[in-house]
Amino acid sequence: MRIDVVTIFPELFDLPLRTSIIGRAVGSGIVTFGLHDPREHGIGRHRSVDDYPYGGGAGMVMRPEPLIASIAPLRAAGAHVVLLDPAGERLTDGLARSLATVPHLVLVCGRYEGVDERVRSVIDREVSIGDVVLTGGELPALVVIDAVVRILPGAITAESHEHDSFADGLLEGPQYTRPESFAGMDVPPVLLSGNHGEVDRWRRREALRRTLERRPDLIDGAALTDADRRTLEELATEIGSDA
Ligand code: 9D3
């Protein structure tokens with residue numbers, strides 16, 4: 001996969017794209033990145049990329065020419081062009097999976113109060129990472145990259161995907177590693193029992209418990225068995241009698 005990023009702050013991407021799973025994916029040729037600074041197409045002696053909004057108002061708007069000059073040669077190569085925008089479609093694991101099937105992604109980052117409306121004429125899709133106000137599209141672009149690259153074949157093991165929260169629509173239950181006892185808190189004995197059937201049933205029950213307690217909105221869309229539904233009924237009684 002190729003991912004090009006259009007940003008006036010390319011340096012924000014240096015370390016994240018060289019680190020951990022993304023860095024390893026670059027090293028093994030699973031993904032290639034290009035960074036493109038619209039300031040190289042900036043206007044005038046100051047290479048300006050923003051200007052005052054017509055009609056007045058607070059803040060600045062990104063001018064169309066530098067952004068479109070950066071995007072145009074990338075589009076010619078047949079890419080899917082995504083604008084990071086607070087008014088875009090919300091990023092979910094489902095959207096990340098769909099973006100991961102595209103051979104060439106272009107991520108366009110806005111700054112200031114947003115981009116001139118005419119930039120949208122060269123955009124295929126707009127994505128937001130949620131209802132929180134940030135200072136620009138760069139960190140959202142990195143979130144999209146992180147979510148997409150980790151699911152590219154070879155980036156992480158297939159087993160890790162099966163365990164993903166949201167893959168089956170449930171949150172993960174509790175996890176433990178060494179030591180067996182820490183600060184008076186013990187690892188649940190079932191995890192030390194060596195009984196894989198019991199471990200699986202315990203994990204499923206705790207995943208259901210955590211989802212019911214923290215994200216009951218996810219239960220509706222989860223892939224549940226009849227056994228899961230019976231467990232949920234038990235948990236609902238437990239949790240109900242707790243209160
Ligand atoms: C006053 C209206 N604001 C819209 C909510 C203006 C505005 C605020 C922040 C315009 C742009 C920005 C910068 N944010 C992004 O470019 C952005 C973003 C975000 O702020 N939150 C979640 N997802 C995204 S994707 C791009």
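One-based numbering, in listed order, for ligands and for the atoms of each. Note that the numbering runs from 1 along the sequence shown for the chain. Everything quoted here is computed from the prediction, not taken from an experiment.
Heavy atoms from other residues, nucleotides or ligands lying under 6.0 Å from CG of D226 number 12 at most.
Here the side chains of D168 and R204 are in contact, with some heavy-atom distance below 4.5 Å.
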Expected rows: ligand 1 N/O, protein N/O, dist below 3.5 Å:
residue  : atom   : partner : partner atom : Å
ligand 1 : 16 (O) : G137    : N            : 3.4
ligand 1 : 20 (O) : L134    : N            : 2.9
ligand 1 : 21 (N) : V132    : O            : 2.6
ligand 1 : 23 (N) : S128    : OG           : 3.4
ligand 1 : 23 (N) : I129    : N            : 3.1

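Rounding to the nearest 0.5 angstrom, the gap separating the CG atom in L12 from the OG1 atom in T7 is 6.5 Å.
Looking at V108, V106, I145 one by one, the single match for side chain to side chain contact (heavy atoms under 4.5 Å, CB included) with V5 turns out to be I145.
A donor-acceptor pair under 3.5 Å is absent between the side-chain atoms of R150 and the main chain of A155, judged by distance alone.
For the residue pair D228/T231, the side-chain donor-acceptor check at 3.5 Å is not satisfied.
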